[in-house]
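Proteins get letters first, then strands, A, B, ... in listed order; numbering begins at 1 in each.
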Amino acid sequence: MTDLTPITALGAAKPAEVSHGSLTLTERPDIGLASLALRKGVTCPEGLPAAGEATDRVFWIGPGQWMIEGPGQADSDFAAQVKGDFPGCSVTEQTDGFSVVEVHSHDGAAAIEALLAKLVNIDPVALAPGCAHRTALHHMTVFVIRRADDQIAIIGMRGYAGALWHAVDLAARRLES
Amino acid sequence: MSRLSGGLIDRDTPLNFHFNGRSYQGYAGDTLASALIANGVRLVGRSFKYHRPRGIFTAGSEEPNALVTLREGARAEPNTRATMTELFDGLVARSQNHIGSLEHDLLAVNDLLSPFLAAGFYYKTFMWPRAFWEKLYEPAIRRAAGLGALSMEPDPDAYDKGFLHCDLLVIGGGAAGLAAALTAGRAGARVILADEDSRFGGRLLAESDTLNGAPAVDWVAAVCAELDQMPNVRLMSRTTVFGAYDHGIYGAVERVADHLPTPGACVRQTLWRITARRTVLAAGATERHIPFADNDRPGIMLAGAMRAYANRWAVSPVPAGDKVAIFTNGDDGHRTALDLIAKGVRVSHVIDTRTDAPRFGDYDLLSGATVTGSRGRKGLRAIRVAQDGRETWHIVGALAVAGGWNPNVHLASHHRGRPVWDESALAFLPHNPPMGMVPAGACVGKGGTAEALADGMRAACAALAELDFSAKPISLPEAQNASAAQAPYWHVPGTRRAWVDFQNDVTVKDIALAHKENMRSVEHLKRWTTLGMATDQGKTSNVSALAVMAEITGATIPETGTTIFRPPYTGVALSVLGGGDTGEHFRPKRLTPTHGWAKAQGAEFVEVGPWMRAQYFSRDGETHWRQSVDREVLAVRRDVGLCDVTTLGKIDVQGTDAGEFLNRVYANMMGTLKVGMVRYGLMLREDGHLFDDGTCARLAEDHYVVTSTTANAGAVYRNMEFARQCLWPDLDVQLISTTDAWAQIAVAGPKSRALLQRIVDGFDLSNEAFPFMACAELTICKGLRARLFRISFSGELAYEVAVPARYGQALMARLMEAGADLGVTPYGTEALGVLRTEKGHAAGAELNGQTTAQMLGLGRMVSAKKDSIGAIMSRREGLAQDRRRLVGLKSCTPEVQIPAGAHLFTKGATQSLKTDQGWVTSACYSPHVGGYIALGFVENGDRRMGEILTAANPLEGQSFEVEVTSAHFVDPEGGRLRD
Amino acid sequence: MKFSGFKVMQQALTGHRGWAPLWRNPEPKPAYDVVIIGGGGHGLATAYYLASNFGITNVAVLEKGWLGSGNIGRNTTIIRSNYLLPGNQPFYEFSMKLWESQEQDLNFNSMVSQRSIINLFHTDGQRDAYRRRGNAMHLSGAGGEMLSQEALREKLPFLNFDNARFPIKGGLIQSRAGTARHDGVAWGYARAADQRGVDLIQNCEVTGFRIEGGQVTGVETTRGVIGAGKVGVAVAGSSSRVMEIAGMRLPIESHVLQAFVSEGLKPTIPGVITFGAGHFYVSQSDKGGLVFGGDIDGYNSYAQRGNLPVVEDVLEGGMALMPMIGRARLLRAWGGVMDMSMDGSPIIDRTHIDGLYLNGGWCYGGFKATPASGYAFAHLLATDTPHETATAFRLDRFARGYVIDEKGVGAQPNLH
Amino acid sequence: MLIPHPLLGLRDAQEFTYLGDASLMSRPAPEAGEAAFCDYVFLRDNPAGVHRELWFHEQGDRSWLVVTRDTVTHEILGAELASDYARSSS
């Protein structure tokens, strides 16, 4: 493996983590990402989530397009692996295109939904566990994935990592007060 | 103090406050208005135009008179309604719009001059001498006008915004609203109940009605408690829904901390965007008055407001012993008499315009009587009553006026649905409300407690039925409907001024004058007299004014016109509409992968769209940015330089038809590009003008990487998706942006190959193996996946190397380390700009959306062999015959700068837009040339090499001589980048 | 009746009994030499200049609502001549000169106030573009100056200089620019036209054109057929709707632009200020309200109302630029329908139908153009040749490739 | 406004970028010539009423939609994927 040392999207050696009240924010640089797009005439592989939905490793990003997640595989050639799993599809390496912030609530859905109400204009009903949407957040574009009742992932463009962290952190802090 | 018994104030929590420097005491639950009345303060402000003494007129957000500047210093908040300000300990307020003290306002002279200041007078004078308008008249008018003053300091508080979604939004928490919310809440619908007041109940808090034989507040408390328990219901007090927007979206402001001395850790206010599937508008009604001579004195108040002060806040409008009179055109005024009497306030008379006025209690009733005048400049002392042709003065300390109620149809008309006049209700009722909105209760004329409760429930059931909720009727409390019988009576005729719009000083006379001058349509009346344009937006005046105009024209009210309302319902702080993202967080910052490294190197940063880019890296001893930039430029020309170019847009294009697709979006051929090669490409807009340029690399038969300029990255991607989805959906192409995924570093200069050789993993960089415009996927630094492009923006031998973004910073450091002996130097956007200008490469200033390929001398790149976006329109006469061409410009005096933006003229020619020969687009000092150079567009520029032109900058009083040269100041043959 | 300070006093002392209607309410005649469709600023100004410059007084202005009910009644009142392109700049400078003598010409105080406009810039690229523009202004006699950041700190100390996402680098000022009382402009032209014999006919909507052999002979209205030698259409916002009746498709889309006014405040902002890093421009009215606006909503609309996101966008800009306005309150917001043309510039031209003329495509810049637009349109109607400052505003410029695209965004109206 | 995305349901219009008249999808064939392109690029029906128009879900799934909307009331009558619309109308 290379002798260069990577840094996180927030510019540090170690991922950031902070807690405000019942919410904990964690940066997840370990997640490998690759986008998958169907080619004309290729039949859709089994088990890929439908529009607006996510499975534990895949979320829908557009018609005939998905993002594949590989926790812990950021340092592998994840795109190559995905290409192998989905022959005949267009695969693009995305691991470094994004910055993943996971938010976990220690007292259930309420805190998560209160946070979402301050960040994105999506009806909580459409962000039930298993849902994933791309939307606007403080003038940025993000994917919001409801991993579970008490957990969401907010995935923003890497260059905006600092601004995204600021926005989520501030909202969480204000919920505390 | 004139406190009465009872009320909803907490006598155990006294609060101190200051008004105009004097300290007073009130209680928790008071508003500033109720506390001032309780302290016997009657004079609270001055009117806008005549500076008439004014007192508190209402008990709600419709208040036209009692506007104060609340708080001090940077938190000073002008034009704040005392009637909506919750009292807190230490509150400080000042009256506004007077010179000298409130009691002795020097501008009160305007009142004496009022004959000269009639409606529209200013359109007729102040015209001579012309110069005097800006110098004399206008400044004087501006000083006198306006209400409160801003502190001119930045707002120190924090603000927030958020998004809520519900099945049913209930606007207004009075009888109708509570019934609606309870009905919907029990049906399991997601409900939001919003009310501008600090507590729910609406008029139920202000009236003496009982529900189920108990005080109404008991029922209100029980309902709120139940709603509060429901997980599907959100109660939002202190929240004003100010606007109805498309598709069930409402704007609302929650005053989170305005009732506290300071917000502390939390935000002051939150802007909520509420998306509601259905809405019940239960906004209630606003009482109107009856204009009569001198009806604007402190102490004259709306009857419903006086009732509210007595019942909710336990304050009497007069000191104990003094008398209060009531002037009404209906039964409603009599309720005020009864409630005041019940509270022990002395009522002198109820003056009822109706000859057959009923009597509801033991008080002095004057039927068929009107109030025709008043005395008491700074506080009402007496009123004149006319009955059967006889006029009598009566000593009173306060007068309640009841002219009927105007439904609050505002939000129902925000989509321009005009309310309609209802003769029986003597009011405008909502008509064509926004889709999904069901008005209910007093705002549809059902103001009686029992009917409001029932109507609220009905509205909720109706709204929810459309959403397939089976809302069941709830058991409503036993309630009464106080009689609302009234006879139309709009104003008391007279020769003295009778105010219709208190704040803007519009009187019945002004309306008559507007009529005389043919300003008769409602909009003309409004604009000519400024009626209804004050901070209260005519809540207490518009309908009365219409009625007066109707009377003058002899038309009916509906014939005369209707009132239409626009957002916001009441004033909204500009801060909260800004949503809190301000200062450096106005827009998010986008950082490059090497940002931290550049910062550590002491780079200066510059905003490039959303990006922050290193502008230059100053070294010790460099005192001027030019020194740093010149050094960086020379380093690139002599040795090798490094620049983070990650910001260029990168679009991954795959699919079997990728080549054909790119042929159609690029003006030049891309399908023929060999795998492993890069080509410079031009994109046009469909109108034939230049859109963007960049490189296109072919990594495989079915895989390209398109780069766009930093500025157009988003638009290029959008247009390519448009072409893919809308124009040629049958092509097999897939697009995705990968701009952030790859850290891309330009390695430029004669020694770039030598440097790169030291980090690639045994990759042959020789000219033969990896020629100009080649590209490859490879590994570097012992196994790191990378992409290498041999492209040059500087005109030197150059490469761009891309690695996964998280390694960008380490790669930059490694290149610096590995190239130390080669004189490797980081360079920023300034040097980048100089390098490309020396080479004559176009950038933003040349690709400004107004230029063409021909103007850049690239006309031949627009392929005639194929169709592509913009190709056909680029051949239109006006574009084809455009002879302006991009040229280089050399300052005839090398050390003198040519300013970009200067216009170019034939030497000696007169300078005008007609003789204009072009303009300077980009300019810089060229250490290579050893003087100032520039690029510019010049008429027939390609045929004027060597000509001396005048670069004129009259804006800054400059003029220079410049020589027209080739745009390629460096290596015109392009040998360097090919070795 | 002549307006003057003396008249005001005399009337004040005699109980205002002597005031006359500002204009008559005439019944439409069977025919006129010229019929102007649209009783807004441009239509009324056209009628006035037809009468005053060319002695053509047998003119009717047909207004479907009340005089001045279009965009002249709802705008941010800014007047300026700070354009870049040769097709535009001389025209707007001509308009500025007409503003400077308007009150005396019309004997009506439309409160033309040359309080200056300052366009702020935040990058070197913007500075260079403003320099090019400022020089074009000088070359057309409009004047203008570059202001350094220091000069701005002096002039506008309340701007956010030190905590800004996009720091202010400087500004381009045109001191002759400023504001005018929008309703007053409409009323001034209306009264002056009426005094010269022009019939101003309100509540009269045009429903059709009478066209015989490619020549317009009159218009059908809700108040009957009215014959006309020539018909001038000045209905910006609704140009497409009206010209569609004549069978024409235009290079125009209708969009909604919102404008805003705050509650009255003591003097706060000296002139007109525009933000260069967001959508926000502001001035203060004589009455004390901050009058401001931003970008159009961005979708085709005839609804005369906008939506919340633009309100937020405008105030984000306002707060970023001048955070001291934060505790003032928004009083009123409204939306007007704009003729957004394909290059962001207007059209004053003949049509393929003889006797039918079009004045439109003003985007959101129509108010400042009111005097010159009326003047140039009157010139075209009277002489059949374009006024010298309006020669570029041709309908065929799109097809021929001579667009006047100040912003350089091409044929996408919502970006202009 | 809310755009009824055919795949995602009601979405905040702020997530979208507006282009304009859906006729922009009917790009003339190159042989149609300059005049046809001028009409295509510059002329619009601009109706006061029902309008078919293009919205790009830029801050969403990146699909182009053809939305049918009343320009007077802003009522939205329908929306479909532009790629489907293009195929069905070609």
Participant: Apply side-chain contact (heavy atoms from CB on, under 4.5 Å) to the pair B:Leu574 and C:Arg329, showing each step before the final yes or no.
Facilitator: CA-CA 5 Å; B:Leu574 301 186; C:Arg329 291 192 203 83; 5.9 Å; no

Participant: For chain C, which of B:Glu153, B:Arg143, B:Met152, B:Gln96 has the most heavy-atom pairs under 4.5 Å?
Facilitator: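 Option with the top pair count is B:Met152.
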
Participant: Do you know which two heavy atoms are closest between B:Arg75 and C:Arg327, and how far apart they sit?
Facilitator: O-NE, 2.9 Å

Participant: If the threshold is 4.0 Å, N to carboxylate O, is there a salt bridge linking C:Arg165 and B:Glu584?
Facilitator: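 Salt bridge flag = no for B:Glu584 with C:Arg165.
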
Participant: Name the region of C:Ala328, side chain, backbone, both or neither, that has any atom closer than 4.5 Å to a heavy atom of chain B.
Facilitator: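 Backbone plus side chain of C:Ala328, per the 4.5 Å heavy-atom cut-off to chain B.
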
Participant: For residues 13-24 of chain C, pull every pair meeting salt bridge (Lys or Arg N to Asp or Glu O under 4.0 Å), keeping only residues two or more places apart or in separate chains.
Facilitator: C:Arg24-C:Asp194, C:Arg24-C:Asp199

Participant: To check you understand the geometry: which heavy-atom pair defines the closest contact between C:Asn307 and B:Tyr245, and what is its length?
Facilitator: OD1-CB, 3.3 Å

Participant: Going by the rule side-chain hydrogen bond (donor to acceptor under 3.5 Å, both in side chains), which residues pair with C:Ser301 if we only count those two or more places apart in sequence or in a different chain?
Facilitator: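 Partners of C:Ser301 under the side-chain hydrogen bond (donor to acceptor under 3.5 Å, both in side chains) test: D:His74.
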
Participant: Where do B:Phe116 and C:Val8 come nearest, in terms of heavy atoms and distance?
Facilitator: O-CG1, 3.6 Å

Participant: Less than 4.5 Å to any heavy atom of chain C: does that hold for the side chain of B:Ser874, its backbone, both, or neither?
Facilitator: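 Neither part; nothing is under 4.5 Å.
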
Participant: Given heavy-atom pairs under 4.5 angstrom as the criterion, report whether the side chain, backbone, both or neither of B:Lys589 touches chain C.
Facilitator: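 Both parts, backbone and side chain.
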
Participant: Measuring from C:Met9:CE to B:Phe121:CZ, what's the distance to the nearest 0.5 Å?
Facilitator: 11.0 Å

Participant: Could you tell me which portion of B:His414 (side chain, backbone, both or neither) has an atom closer than 4.5 angstrom to a non-hydrogen atom of chain C?
Facilitator: backbone

Participant: Do NZ/NE/NH1/NH2 and the carboxylate oxygens of C:Asp313 and B:Arg587 come within less than 4.0 Å?
Facilitator: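 Looking at C:Asp313 and B:Arg587, the cut-off is met.
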
Participant: Between B:Met127 and C:Asn107, what is the shortest heavy-atom contact and its length?
Facilitator: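 Here B:Met127 and C:Asn107 meet closest at SD-C, 3.7 Å.
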
Participant: Could you tell me if C:Glu263 and B:Thr535 have a donor-acceptor pair between their side chains, going purely by distance under 3.5 Å?
Facilitator: no

Participant: Regarding C:Arg181 and B:Tyr122, do their side chains bring together a donor and an acceptor under 3.5 Å, going by distance alone?
Facilitator: no

Participant: Going through the distances and angles, do B:Phe586 and C:Phe275 end up as a ring pair (Phe, Tyr, Trp, His ring centres under 6.0 Å)?
Facilitator: CA-CA 13 Å; B:Phe586 164 56; C:Phe275 187 26; 5.7 Å; yes

Participant: Where is the tightest heavy-atom contact between C:Ala399 and B:Arg876, given as atom of each residue plus distance?
Facilitator: O-CD, 3.1 Å

Participant: Do you know the tightest heavy-atom contact between C:Asn135 and B:Leu955?
Facilitator: OD1-N, 2.8 Å

Participant: Supply the atom-to-atom distance C:Asn25 CG to B:Asn518 CG, rounded to the nearest 0.5 angstrom.
Facilitator: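 Atom-to-atom, C:Asn25:CG and B:Asn518:CG are 4.0 Å apart.
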
Participant: Can you tell me if B:Gln537 and C:Arg332 form a side-chain donor-acceptor pair at under 3.5 Å?
Facilitator: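 Their side chains do contain a donor-acceptor pair, which is all the 3.5 Å distance test asks for.
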
Participant: Atom CZ of B:Phe126 and atom CG of C:Asn109: how far apart are they, to the nearest 0.5 Å?
Facilitator: 8.0 Å

Participant: Closer than 4.0 angstrom, basic N to acidic O: yes or no for B:Lys161 and C:Glu316?
Facilitator: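 Salt bridge: yes.
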
Participant: Less than 4.0 Å between a side-chain N and a carboxylate O, is that true for B:Glu134 and C:Arg115?
Facilitator: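 The answer is no: the pair does not qualify as a salt bridge.
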
